[in-house]
Amino acid sequence: MRSKLAAEVLAAVRSVTGTVSSIPLHTPVIGETESRFVQECLDTTFVSSVGPFVTRLEQDIAEYTGARHAVAVSSGTVALQVALVLAGVKRGDEVLVPSLSFIATANAVVHAGGVPVFIDSDPTTLGMSPAALTDLLSTMTQQGGNTINPATGRRIAAVVPMHTFGHPLDIRAIVDVAQTHGIAVVEDAAESLGSFIGDKHTGTFGVTGILSFNGNKIVTTGGGGMILTDDPELGRRAKHVTSTAKLPHGWEFEHDEIAWNYRMPNLNAALGVAQVSQLAHFLAQKREIARLYAEAFEHVDGVSFIPEPAGTTSNYWLCAIRLDEPSRETRDELLATLTGDGIQARPFWNLLNTQRMYTTAQTDGLANAEVLVDSVICLPSSAWLLDRKQ
Ligand SMILES: *Cc1c(COP(=O)(O)O)cnc(C)c1O
C-alpha cells in the first residue's frame, strides 16, 4: 500500500513531467547544429585530438566562465587528477574532499598520488561545510609553511570543494580557511557549468578548477572535461602534460617529461561547441523546471524542494527534494514509488568513506552528510522535460 506521502510526491512530480510513461533522470538535447559540426569533423577527417573545434571549445568555455585558461581533456575525472597535480599535490599528500560526492572526486585524488580525507557537508548548500573544514584544520599542525596531519605525519596539500547538483557552495569561506593554512583549493565544478556566485563562475575561485562534459551533465561532449585556471603557467602546463609533453618542433619527437595523453578528440569538441551554443537555453529551461517543482512541492507536507543557496545562481543541473524527517525507509519508499511509475529518481551517492576502497580513510564526524544521504532525492531534470510533456 502506497503511503499518503508517496502518493503526493508522485502526483507532484507527475504535475511537472506529464504522463509520459518513462522519464529519465537526465539526458541531453542533441540538435541540428550538433549533427552539422560532427559531420564537419568527418568530412574534413579531423576526428582525433587535433582540430579547430578543440580550440573553439576551450575559447568558448574560457569566455563563458571568465577563466583565463581552459584546457579540454577526455573526462572530468582526468581533468581533476591533472588539476590536483598542477595545484601541487605530490605522492603521499593528503587531500580534503567532501564525503558526499561522486566517486570520481576521491578517485582523482588517488590517481594524482594523494590520499583522500573526507569532510562533512553543509545542510543548506549540500557542498563541503566551511565549519567542518575549519574544525578539522584546527587539529592540524604547522611545519615550515606546511599543514601536517599529526595522526599520519602527512602534508595536507589541497582541498576539493564540489558544487553539488550545480548549487554553488560557500566557496569564499572555503578559500579563506584554505589560504590561512597554505592549502590549495581545487574546485570540482563538474556539475556546475552555468552556476555563479554573484557574477563569478564556479570553478574559477581555486588555483585550478574542472568541468565535466559527460553525457549526463548540463552540456555534453559525449565524454570530456575541462581544466580551468587563471594562472598562465598552470594553463600552459595543463595543455603540455595532457598532450604527452611534446616539445614543439617541425619533425622531432622530443618530450620533456612523462606525461599523459588526455586530449579531447575534435569529434567530441565539435559536439561540445554546438552544446555550449545552447547553454543559455538549457539554463532557462532548467530554471523553469525548478520553478515548477518548487511550486508543486509547496503543497506537499513532509518534503521540500531544495532551492539554490541565497546569493548564488544555480544551473539547476539536477532538481532535488529533501525529507523534512530524514529516514532511509521513507526515502526508499519514495524511490520505489517513483521508479515503479517509470520516473527515474535517484538518491544521493553513498558516502565515499563507505565505498569499500575508502573504508579505512580518515573522516571527520560527517553528521550532516549522513542525514543528507537519508533525506535527498533527485528528480528528472533534462532540459527537454517541458517540451515533451504530454
Ligand atoms: C561527473 C562528475 C565528475 C567526473 O566527470 P567524468 O567526466 O564523468 O569523468 C567528477 N565529479 C563530480 C562531482 C561529478 O559529478
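In each ligand, atom 1 is the first atom listed, and ligand 1 is the first ligand listed.
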Checklist entry - Looking at ligand 1, does G224 have a heavy atom less than 4.0 Å from it? => result yes
Checklist outcome for this item: Counting from 1 in the order shown, the ligand 1 atoms closer than 4.0 Å to a non-hydrogen atom of T77 are 4 (C), 5 (O), 6 (P), 9 (O)
Checklist outcome for this item: When distances are taken from atom 5 (O) of ligand 1, the protein heavy atom at minimum range is S212 OG, 3.2 Å
Item to check | Protein residue, atom and distance nearest to atom 11 (N) of ligand 1, heavy-atom basis | outcome: D188 OD2, 2.9 Å
Determine all donor-acceptor pairs shorter than 3.5 Å in which one atom belongs to a side chain in residues 300-309; sequence neighbours excluded.
{"from": "S304", "atom 1": "OG", "to": "D324", "atom 2": "OD1", "distance (Å)": "2.8"}
{"from": "E308", "atom 1": "OE1", "to": "R287", "atom 2": "NH2", "distance (Å)": "2.7"}
{"from": "E308", "atom 1": "OE1", "to": "S314", "atom 2": "N", "distance (Å)": "2.8"}
{"from": "E308", "atom 1": "OE2", "to": "R287", "atom 2": "NH1", "distance (Å)": "3.2"}

Checklist entry - What residue and atom, counting heavy atoms only, is the protein's closest point to atom 15 (O) of ligand 1, and at what distance? => result E191 OE2, 2.6 Å
Next on the checklist: E94 vs T152, test: side-chain hydrogen bond (donor to acceptor under 3.5 Å, both in side chains). Steps then yes/no.
Outcome noted: CA-CA 9 Å; E94 289 181 358; T152 59; 2.7 Å; yes
Checklist entry - What about M162: any of its N or O atoms under 3.5 Å from an N or O on ligand 1? => result no
Item to check | Neighbour count >12 (heavy atoms, 6.0 Å) for atom CG, L247 | outcome: yes
Item to check | N214 neighbourhood, listing ligand 1 atoms whose heavy-atom distance to it stays under 4.0 Å | outcome: 7 (O), 8 (O)
Item to check | S327 side chain to T330 side chain, donor-acceptor N/O pair below 3.5 angstrom | outcome: yes
Item to check | Shortest heavy-atom approach to atom 12 (C) of ligand 1 - which of A190, A189, S75 | outcome: A190
Next on the checklist: Give me the residue, atom name and distance of the protein heavy atom closest to atom 1 (C) of ligand 1.
Outcome noted: K217 NZ, 1.6 Å
Checklist entry - Relative to each other, are the rings of F165 and W349 parallel, tilted or perpendicular (30° and 60° limits)? => result tilted
Item to check | T105 and D188 side chains, donor-acceptor separation under 3.5 Å | outcome: yes
Next on the checklist: Please verify the inter-ring angle class for Y358 with F118; under 30° counts as parallel, over 60° as perpendicular, anything in between as tilted.
Outcome noted: perpendicular
